[in-house]
Amino acid sequence: MANEDIFKKIIAHSKEYGFVFQSSEIYDGLSAVYDYGQNGVELKKNIKEYWWKSMVQYHENIVGLDSAIFMHPTTWKASGHVDAFSDPMIDNKDSKKRYRADVLVEDYLAKIEAKIDKEVSKAEKRFGESFDKDQFIATNPRVLANQGKIEEIKNRLYPAMENDDLAGIKQLIEDLEIACPVSGSRNWTDVRQFNLMFSTQMGSLSEDTNQIFLRPETAQGIFVNYLNVQKTGRMKIPFGIAQIGKAFRNEIVARQFIFRMREFEQMEMQFFVKPGEEMKWYEYWKDARMKWHLSLGIPAEKYRFHNHEKLAHYANAAADIEFDFPFGFKELEGIHSRTDFDLGAHQEFSGKKLQYFDPELNESYVPYVVETSIGLDRTFLAVLSHAFTEEKLEDGSERVVMKIPPVLAPVKVAILPLMKKDGLPEKAREIMDSLKFDYMCQYEEKDAIGRRYRRHDAIGTPYCITVDHQTLEDQTVTIRERDTMEQERISVDLVSSVIEKKIKGI
RNA sequence: GCGGGAGUAGCUCAGUGGUAGAGCAUUAGCUUCCCAAGCUGAGGGUCGUGGGUUCGAACCCCAUUUCCCGCUCCA
């Protein structure tokens, strides 16, 4: 497929031009871990800055935080990650399909429930208006038998899940004679546990009570600091706390370049609101976040919302902003209404009150939370894959140009003497020195001017300043625009302000 | 984890058992007044890793690892 080819080209281009390298490449690499190179780190830093400014600097009621990756182990019990982040998996040996073992059983339960529903609606038709549904369910022998079956299965499944009784879950699947939906076979492997949280030890290795986890999301660092920030910052609801930081997930299968990595970076903002107002703010942030994406100049048709049908354990509403990656529409950012689940859980597990005294209502409550959580690496990949362009020029030659929004471009300006003699390099250096405090600049004198332009097209430098003989006479330079390749001649004195205007204009 | 494909210079790749190559890139110089120009030199590879077969392996066999695709999973 053409898109796959483009994706391959983007990956190759990323390496060739110093955006992304595979981690530990000289040791054959490490699966699903990547390093950002000299240009990648600039792009990533610029994305962070663009987000941070739009959230923290622009909103008076949002402040920042940088919490530690290590957190007290109880944090993850309260958040639900200890239970929910370890899934029992089972493979069918014939179809080679993998399933979550508990989901297989849940699906089986759903089938029985469907049977009951069918029984009820059949009876409903037969008896018409005089039909008493509750009465029927309470007395019909077939319904009762099925309900008993459901009870019995639940009584085996849930304790087994609770106690990590993997053999018990396997036995349950075998006893129920659950077959693979694809192959119809009952030839199952053992049930295995995959814990999605990385763990390590803190302090003495001999004690077994000091296992700690690398955070699987940054949100909890915000929740446990909610009162610290609220009190010391004298924050009034509604207010938000924003954070950019690394998180770690031991994904079973990590794929698609930097889209799903085991170590990744999130940009999150938790917005604390009055209970009952969460849907208003949920809609507000859905809208605000989409506008942020569009402000980068990437066309609207590259984005879409995906509203969650099945909600996570903490949410009462959730939507993803999806981006049209070369491998299809995939999640880029999540906007979740998390209710008071997190603060409530931390309150319960810690025994500390995490309430807010609302002076308007003259009462205390646990705030509700609306979260915006965007993958930094995914945004990086979105920008990169949209920017990557192969163009055929009028003279028949081809060029590869990264049409990165100027505000995000790794290098803002290249300063190029047309020739490396006659004092042109010295003049170019002078201009470079006047710009490099404000902008990421690069000076280049090697190779023909056209080649240097193309090199900067390839890393997405939006502007090239060229110093020629006329510069020495009248103090003007040419400024070349990346996307149009057009040049205009401007006074040296105006270079800095022209570039500033262009970059801020996006 | 299963199935398929791939791994040779920084990049793209050629090389079917007999002295490791090309183009681009890098680098030194010459030439060149605006879009990957030309000329002359130079550097760079234990052919992903480990083992086996062979007089001899980049090439054949086994294992392993990484990447890509599909399945699966994704709070």
Side-chain angles (χ1 to χ4, degrees), chain A residues 1 3-5 7-9 11-18 21-34 37 76 79-81 83-85 87 89-100 103 180 182 189 192 194 196-197 216-217 219-220 247 249-257 259-260 308 310-315 318 320 327 330-331 334 336 338 341-342 371 373 375 391 393-395 397-401 416-422 424 446-458 464 466-471 477-480 482 485-487 489:
Chain A
M1 280 189 48
N3 278 345
E4 282 169 22
D5 290 344
F7 189 43
K8 273 184 187 163
K9 282 182 184 173
I11 294 168
H13 192 90
S14 296
K15 185 187 177 186
E16 188 168 0
Y17 289 93
F21 306 126
Q22 205 197 340
S23 162
S24 317
E25 199 186 359
I26 63 167
Y27 292 108
D28 292 331
L30 190 61
S31 184
V33 185
Y34 292 89
W76 307 113
S79 70
H81 285 87
D83 293 329
F85 242 42
D87 299 329
M89 307 297 291
I90 190 165
D91 291 354
N92 183 272
K93 288 178 187 169
D94 296 314
S95 67
K96 310 290 185 196
K97 301 282 179 196
R98 170 173 292 170
Y99 302 92
R100 263 179 60 178
V103 170
C180 167
V182 173
T189 64
R192 283 165 297 178
F194 289 83
L196 266 63
M197 281 196 291
E217 64 174 26
Q220 300 306 323
R249 284 183 203 174
N250 193 12
E251 300 281 356
I252 303 162
V253 172
R255 280 285 168 77
Q256 283 155 330
F257 194 41
F259 182 80
R260 180 168 294 122
H308 287 207
K310 270 188 179 173
L311 294 170
H313 63 267
Y314 55 70
D320 293 339
F327 41 85
K330 297 275 179 183
E331 179 184 353
H336 299 159
R338 297 182 73 127
F341 176 88
D342 300 278
E371 163 190 83
S373 173
E391 280 183 351
L393 302 178
E394 282 175 14
D395 65 0
S397 67
E398 286 181 13
R399 71 162 183 161
V400 174
V401 51
L416 317 167
L418 191 58
M419 317 274 302
K420 54 175 166 181
K421 59 180 185 187
D422 302 336
L424 298 185
K446 165 108 180 116
D447 292 319
I449 189 70
R451 182 182 294 258
R452 281 178 275 166
Y453 287 152
R454 298 300 173 85
R455 266 207 295 266
H456 278 281
D457 288 341
C464 291
T466 306
V467 174
D468 56 18
H469 286 86
Q470 195 181 328
T471 308
V477 292
T478 62
I479 178 165
R480 171 194 184 265
R482 177 193 66 202
M485 299 172 70
E486 277 167 10
Q487 287 176 285
R489 186 164 278 277

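The sequence lines fix the lettering, A, B, ..., with proteins before strands; numbering per chain opens at 1.
- The partner of G3(B) is C69(B), judged by Watson-Crick or G-U wobble contacts that both fall below 3.5 Å.
- Proximity note for Y34(A) (side chain, C-beta onward) versus C69(B), C67(B), A75(B): the nearest is C67(B).
- Taking a pair to require two hydrogen-bonding distances under 3.5 Å in either a Watson-Crick or a G-U wobble arrangement, A9(B) remains unpaired.
- R249(A) contributes a side-chain N or O that, together with a main-chain N or O of P216(A), makes up a donor-acceptor pair within less than 3.5 Å.
- Of all nucleotides present, only U27(B) satisfies the Watson-Crick or G-U wobble test against G41(B), with each distance under 3.5 Å.
- A9(B) and G15(B) are spaced 14 Å apart, taking the C1' atom of each and rounding to whole Å.
- A 3.5 Å limit on both hydrogen-bonding distances identifies no Watson-Crick or G-U partner for C33(B).
- With a cut-off of 3.5 Å on both Watson-Crick or G-U wobble distances, the partner of G17(B) is given as none.
- To the nearest whole angstrom, the two P atoms, one in G44(B) and one in C39(B), are 23 Å apart.
- For the C1' atom pair drawn from U16(B) and C34(B), the interatomic distance equals 49 Å after rounding to whole Å.
- Spacing between atom CD of E331(A) and atom C1' of A75(B) amounts to 9 Å, rounded to whole angstrom units.
- With a cut-off of 3.5 Å on both pairing distances, C47(B) has no Watson-Crick or G-U wobble partner at all.
- Between the NZ atom of K446(A) and the C1' atom of U26(B) there is a distance of 8 Å, given to the nearest Å.
- Partner assigned to A58(B) is none, using Watson-Crick or G-U wobble distances below 3.5 angstrom.
- Atom NZ of K420(A) and atom P of U27(B) are 9 Å apart (whole Å).
- Note: NZ (K330(A)) to C1' (C74(B)) measures 10 Å, nearest angstrom.
- Rounded to an integer number of Å, the gap from CZ of R260(A) to C1' of C68(B) is 15 Å.
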Taking protein heavy atoms under 4.0 Å as touching, what does nucleotides 34-40 of chain B look like 5' to 3' if B marks base contact, S marks sugar-phosphate-only contact and - marks none?
BBBB---
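- Comparing the C1' positions of C13(B) and A42(B) gives a spacing of 24 Å, expressed to the nearest Å.
- Atoms CD1 (I11(A)) and C1' (U12(B)) sit 15 Å apart, rounded to a whole Å.
- Considering only heavy atoms from C-beta on, E391(A) stays 4.5 Å or farther from D457(A) through its side chain.
- Using atom C1' as the reference point in both C59(B) and G18(B), the two lie 12 Å apart (nearest Å).
- Evaluation of the salt bridge (charged side-chain N to carboxylate O under 4.0 Å, His left out) rule for K330(A) yields no partner, not counting sequence neighbours.
- Distance check on atom C1': U8(B) versus U46(B) gives 12 Å, rounded to whole Å.
- Rounded to an integer number of Å, the gap from NZ of K9(A) to P of C68(B) is 18 Å.
- The P atoms of G7(B) and A14(B) are separated by 8 Å, rounded to the nearest whole Å.
- At least one side-chain heavy atom of R482(A) sits under 4.5 Å from a side-chain heavy atom of V401(A).
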Using a cutoff of under 3.5 Å, can you pull out all pairs of nitrogen or oxygen atoms linking the protein to nucleotides 8-11 of chain B, with atom names and distances?
residue: C11(B); atom: OP1; partner: K15(A); partner atom: NZ; Å: 2.3
residue: C11(B); atom: O2'; partner: E16(A); partner atom: OE1; Å: 3.1

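- One N or O on the side chain of R452(A) and one on the backbone of L418(A) form a donor-acceptor pair closer than 3.5 Å.
- Side-chain N or O atoms of D422(A) include none that pairs as donor or acceptor with a backbone N or O of L424(A) at under 3.5 Å.
- We find that CZ of F259(A) is positioned 17 Å from P of C67(B), with the value rounded to whole Å.
- For the C1' atom pair drawn from C67(B) and G23(B), the interatomic distance equals 24 Å after rounding to whole Å.
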